[in-house]
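One is the number of the first residue; the rest follow in order along the sequence. For ligands, and for the atoms within them, numbers begin at 1 and follow the listed sequence.
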Amino acid sequence: MADAAHRSGFVGIIGRPNVGKSTLLNYYLGEKLSIISPRPQTTRHRILGVLTRKDAQVMFLDTPGLHKPEHTLGRYLLEVTKAVIDEADVLVVMIDARAGLTAEDERVFGQVRDVLRRTRSGTGGPSAGEGPRAALLAINKVDLVKKPKLLPLLERCAKTKLFTACIPVSAQTGVQMDVLLSEIIGQLPEGPEWYEPQQRTDQPEEQRIRETIREQLLLATRQEVPHAIEVFIERLEERPGLTAIYATVLVERPGQKAIVIGRGGEALKRVGQEARRQIERLIGRKVHLELWVKVAEDWRHDERLLRQLGYQR
Ligand SMILES: Nc1nc2c(ncn2[C@@H]2O[C@H](COP(=O)(O)OP(=O)(O)OP(=O)(O)O)[C@@H](O)[C@H]2O)c(=O)[nH]1
Ligand SMILES: [Mg+2]
């Protein structure tokens, strides 16, 4: 018997903030390509993760959570996700099993309905004739709910008739993640390997370093502070036996700066120590990390500054 055809394609992971999209990407790739935190709106970029197997190459695209934008950065994030929705071959739509179907999830479903209609009819829109041919629903965090709660939710999701399959999973513990992956691969078009098997992402190392630092800051702060934080690398120097990294932490208000630094600089020191350990693991070299905190009033509303920070359309 002939081997089954090789499949490949882009898989957009979409859903409202904090449902576990980045956790899913990292689970399948077996490494932290996308940062994770309990704070909504953690992901701010389209993150590619390439999974290469014998039978298929799956190009996962992690996206910023879909939400109502309140500033220029928010509008940029929405555009990033919308582009993925239009251009992916398959969509994995994620919801949180604990919350059931929220109004935000319903809005996401609406977008999925629109794009599927467009691509299936092959008319209208930038993606006419291309774009997602199927959507799968991942009902995540089932490790946190009792089974009887899942059944009515599964029924409601099936009734939408949007999804080729609705699969309860736990991206954290791995429950049913193999089932979801087979469904994803089953929906991919036939195609070649687009990426070299050793290439797992298109993120430059500097961006991964930035994001590693931002993740530690998100974990260390609360309420509005995490959202007001951005990190950029001022300088990166290769020295004998070590890489020296000088990074700036941007916040929007002096009060936020005080929180990030902490009493006697303790909070920032702890963030720096953990970030340094993780960057050392990432780049496989010893690291010297220096962090400065700067206030840039309302940077999330400042188009020019956003461009300088790499948020380009
Ligand atoms: N218990 C449990 N927690 C999970 C699971 N998946 C993700 N989480 C947690 O949910 C939180 C959000 O996870 P992320 O992967 O950052 O969520 P996201 O959808 O990428 O969020 P945004 O980037 O903000 O849109 C983190 O605290 C994760 O550890 C799961 O299957 N079970
Ligand atoms: Mg994320």
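Salt bridge Arg44/Glu211: absent, no basic N to carboxylate O contact under 4.0 Å.
In this structure, atom 3 (N) of ligand 1 lies nearest to the protein heavy atom Gln172 OE1, 3.3 Å. For atom 6 (N) of ligand 1, the nearest non-hydrogen atom of the protein is Asn140 ND2, 3.1 Å. At the shortest separation from atom 12 (C) of ligand 1 among protein heavy atoms lies Asn18 OD1, 3.1 Å. Regarding atom 23 (O) of ligand 1, its nearest protein heavy-atom neighbour is Thr43 OG1, 2.8 Å. The protein non-hydrogen atom at the shortest distance from atom 17 (O) of ligand 1 is Gly20 N, 3.1 Å. In terms of protein heavy atoms, atom 10 (O) of ligand 1 is closest to Lys141 NZ, 3.0 Å.
Here Tyr27 contributes atom OH and Met177 contributes atom CE; the two are 6.0 Å apart, rounded to the nearest 0.5 Å.
Ligand 1 has no nitrogen or oxygen under 3.5 angstrom from a nitrogen or oxygen of Thr63. When only interatomic distances are considered, the shortest N/O to N/O separation between Ala171 and ligand 1 falls below 3.5 Å. In terms of N/O distances under 3.5 Å, ligand 1 is not approached by Val142.
For the pair Tyr28 and Leu180, the minimum side-chain heavy-atom distance is below 4.5 Å. Counting heavy atoms from C-beta outward, Glu230 and Arg214 have side chains that approach closer than 4.5 Å. Side-chain contact between Leu73 and Tyr311 is present, with at least one heavy-atom pair separated by less than 4.5 Å.
In terms of modelled atom types and a separation under 3.5 Å, the side chain of Thr119 and the main chain of Pro132 share a donor-acceptor contact. Formation of a donor-acceptor pair under 3.5 Å by the Arg7 side chain with backbone atoms of Leu188 is found in this model. Put simply, the side chain of Asp55 never gets that close to the backbone of Ala4: no donor and acceptor are under 3.5 Å apart. Asp89 places a side-chain N or O within donor-acceptor distance of the main-chain N or O of Phe10, the cut-off being under 3.5 Å. Under the 3.5 Å distance criterion, the side-chain polar atoms of Asn26 are matched with a main-chain donor or acceptor of Leu33.
Atoms of ligand 1 found under 4.0 Å from any heavy atom of Gln41, numbered from 1 in the order shown, are 24 (O). Heavy-atom contacts of Pro38 reach the following atoms of ligand 1: 27 (O) (cutoff under 4.0 Å). For ligand 1, the atoms lying closer than 4.0 Å to a non-hydrogen atom of Ser37 are 11 (C), 12 (C), 16 (O), 26 (C), 27 (O). Interface of Gly65 with ligand 1, defined as ligand atoms under 4.0 Å from a residue heavy atom, comprises 25 (O). Ligand-side atoms of ligand 1 in range of Pro40: 24 (O), range being under 4.0 angstrom from any heavy atom. If you number the atoms of ligand 1 from 1 as listed, the ones under 4.0 Å from a heavy atom of Lys21 come out as 15 (O), 17 (O), 18 (P), 19 (O), 20 (O), 21 (O), 22 (P), 25 (O). Each of the following atoms of ligand 1 lies closer than 4.0 Å to a heavy atom of Thr23: 6 (N), 7 (C), 13 (O), 14 (P), 15 (O), 28 (C). For ligand 1, the atoms sitting less than 4.0 Å from at least one non-hydrogen atom of Ser170 are 30 (C), 31 (O), 32 (N), numbered in the order shown with element in parentheses.
Partners of His67 under the ring pair (Phe, Tyr, Trp, His ring centres under 6.0 Å) rule, at least two apart in sequence or in another chain, do not exist in this structure.
Heavy atoms of Asp143 found under 4.0 angstrom from ligand 1 belong exclusively to the side chain.
At a cut-off of 3.5 Å, with distance as the only test, no side-chain donor of Thr212 or Gln278 sits close to an acceptor on the other residue.
Geometry at the Mg ion (ligand 2): OG/Ser22 and OG1/Thr43 form an angle of 90°, nearest 10 degrees.
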